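Report on one structure; see the data block that follows.
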There are 2 protein chains.
Amino acid sequence: MNSHKSDFTIGTLSKYSSVNIETIRYYEKVEIMPSPPRSEGGYRLYNEIHLRRLSFVRRSRELGFSLEEIRGLLTLVDDKSYTWAQVESLTREHLETTRKKIIDLQKLEVVLDDMASKCDGGHVPDCPVIDTLFGETLFVRSLGAFS
Amino acid sequence: MNSHKSDFTIGTLSKYSSVNIETIRYYEKVEIMPSPPRSEGGYRLYNEIHLRRLSFVRRSRELGFSLEEIRGLLTLVDDKSYTWAQVESLTREHLETTRKKIIDLQKLEVVLDDMASKCDGGHVPDCPVIDTLFGETLFVRSLGAFS
DNA sequence: TCTTGAGTCTGTAGTTCCTACAGGGTTTAC
DNA sequence: GTAAACCCTGTAGGAACTACAGACTCAAGA
């Protein structure tokens, strides 16, 4: 029960994970994060394992995974009761989703990069791309890449 | 006002875009999608431009962009009043975000791919990875890649 | 033409995933 | 030992959907 020198409170965890305090408590409530031990006064005490797990959750959220999907990924870590078949299908499913997302993002990257470079160093009046781009070109090109 | 042969109702748009009907109407309300023309009886009538725009929105949402960010991207398409400096900074900002997301997803892909292949063809008892993986290995490795 | 059933309309209420207080207790640094 | 900074448990709000309810529209067949 006495704290290790590596334990830290929720504010510190929040700072290093870039997840705000209320969200951390919310994740505890919905069981994405475990209930950590408490100090005598009732403060939550975290360690680096918590920090890594929370960082993983944050990044996964930014990448568009739902809490439910993240829960699934984390269950692969937490739960030893899965059968191999379940593990494989879950893993391959996430792998599939991940690959599709990469492809979509790369398409978007190409469009944005091209757009930024086309006007490189130009001023507004010198940049003829601006008209066509805003008229229809970007729309057709970028959305075309996504269809 | 009379409909083109290429016009279609919200159900069709929903089907082809994989965005459900209520969400489409919600996007109209919050001005992510324009108010389309209506049939005499009041049905919304869409065309392929709407379909492309909506598909772009859906994919961007799946990639973790907020409606506000998507609104920004779409404004590059819709609005001709931006200055070049604004366009460049907006575009580069999104490009930056996009590249970071790609990197994170590729890290996750490596972990998942490795995990799936390690047990390839194995049954539960034959697969020693299952214990270590579920004990700590996946956690440390995957979350380590994300930290 | 009339009917029937699938599709659509508006509006409101619920869900998920946070986010922001309020009112109070705890820690730490001087 | 006391102020400032921190944390606690609620509860209420916002963003982005999602799911009805009750009414209207439309296309196709008897």
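Values in this document were obtained by computation on a predicted structure and should not be read as measured data. Per chain, numbering begins at 1; letters A, B, ... match sequence-line order. Hydrogens, waters and symmetry mates are skipped; everything else that's a heavy atom, side chains included, is used.
Closest approach to the A/Asn20 side chain among C/dC9, C/dA20, D/dT9 is made by C/dA20 (side chain taken as heavy atoms from C-beta onward). Of the candidates C/dC18, C/dT8, D/dC8, the closest approach to any side-chain atom of A/Tyr27 belongs to C/dC18. Of the candidates C/dT8, D/dC17, D/dC7, D/dC17 carries the atom nearest the B/Arg61 side chain, counting heavy atoms from C-beta on. Candidate nucleotides D/dC6, C/dC18, C/dC9 were compared by shortest atom distance to the side chain of B/Ile10, and C/dC9 ranks first.
For A/Glu68 and A/Arg71, the salt-bridge test passes: some basic side-chain N is under 4.0 Å from an acidic carboxylate O.
C/dT16 atom C1' lies 12 Å from atom CD1 of A/Ile32, rounded to whole Å. Here D/dA15 presents its P atom at 20 Å from CZ of B/Phe65, a figure rounded to the nearest Å. In this structure, A/Ile24 atom CD1 and C/dC18 atom P are separated by 12 Å, rounded to whole Å. Regarding A/Leu67, its CG atom lies at a distance of 10 Å from the P atom of C/dT16, rounded to whole Å. In this structure, the CD1 atom of B/Ile21 is 8 Å from the P atom of C/dC9, given to the nearest Å. To the nearest angstrom, P of C/dC18 lies 15 Å from CD of A/Glu28. Rounded to an integer number of Å, the gap from B/Lys29 NZ to D/dA15 C1' is 11 Å. Between the CD atom of B/Glu68 and the C1' atom of D/dG14 there is a distance of 13 Å, rounded to whole Å.
Side-chain to base pairing of A/Tyr43 with D/dC6: one donor and one acceptor N or O lie within less than 3.5 Å of each other.
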Does the side chain to side chain contact (heavy atoms under 4.5 Å, CB included) test come out yes or no for A/Arg58 and A/Thr23, once each step is laid out?
-> CA-CA 10 Å; A/Arg58 198 206 78 224; A/Thr23 306; over 6 Å; no
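For the OP1/OP2 pair of D/dC6 and a distance below 4.0 Å, the side-chain nitrogens and oxygens of A/Thr9 include no atom meeting the criterion. The shortest distance between the side-chain N/O atoms of A/Thr23 and the OP1/OP2 oxygens of C/dC18 is not below 4.0 Å. Taking 4.0 angstrom as the limit, B/Ser39 places none of its side-chain polar atoms (N or O) nearer than this to OP1 or OP2 of D/dT25. In this structure, A/Arg25 does not reach the C/dC21 phosphate: none of its side-chain N or O atoms is under 4.0 Å from OP1 or OP2. The shortest distance between the side-chain N/O atoms of B/Arg44 and the OP1/OP2 oxygens of C/dC9 is below 4.0 Å.
Mapping B/Gly42 and B/Val57 onto DNA chain D by nearest heavy atom places B/Val57 at the nucleotide closer to the 5' end. Of the two residues contacting DNA chain C, namely A/Glu40 and A/Glu22, the nearest-nucleotide position lying further toward the 5' end is that of A/Glu22.
A side-chain contact (heavy atoms from CB on, under 4.5 Å) with B/Tyr26 is found for one member of B/Ile21, B/Val19, B/Leu67 and no other, namely B/Leu67.
A/Leu45 and A/Pro36 make their closest contact through O-CB, 3.4 Å (heavy atoms, listed as atom of the first residue, atom of the second, distance).
A distance-only check finds no donor-acceptor pair linking the side chain of B/Ser14 to the backbone of B/Ile10 [under 3.5 Å].
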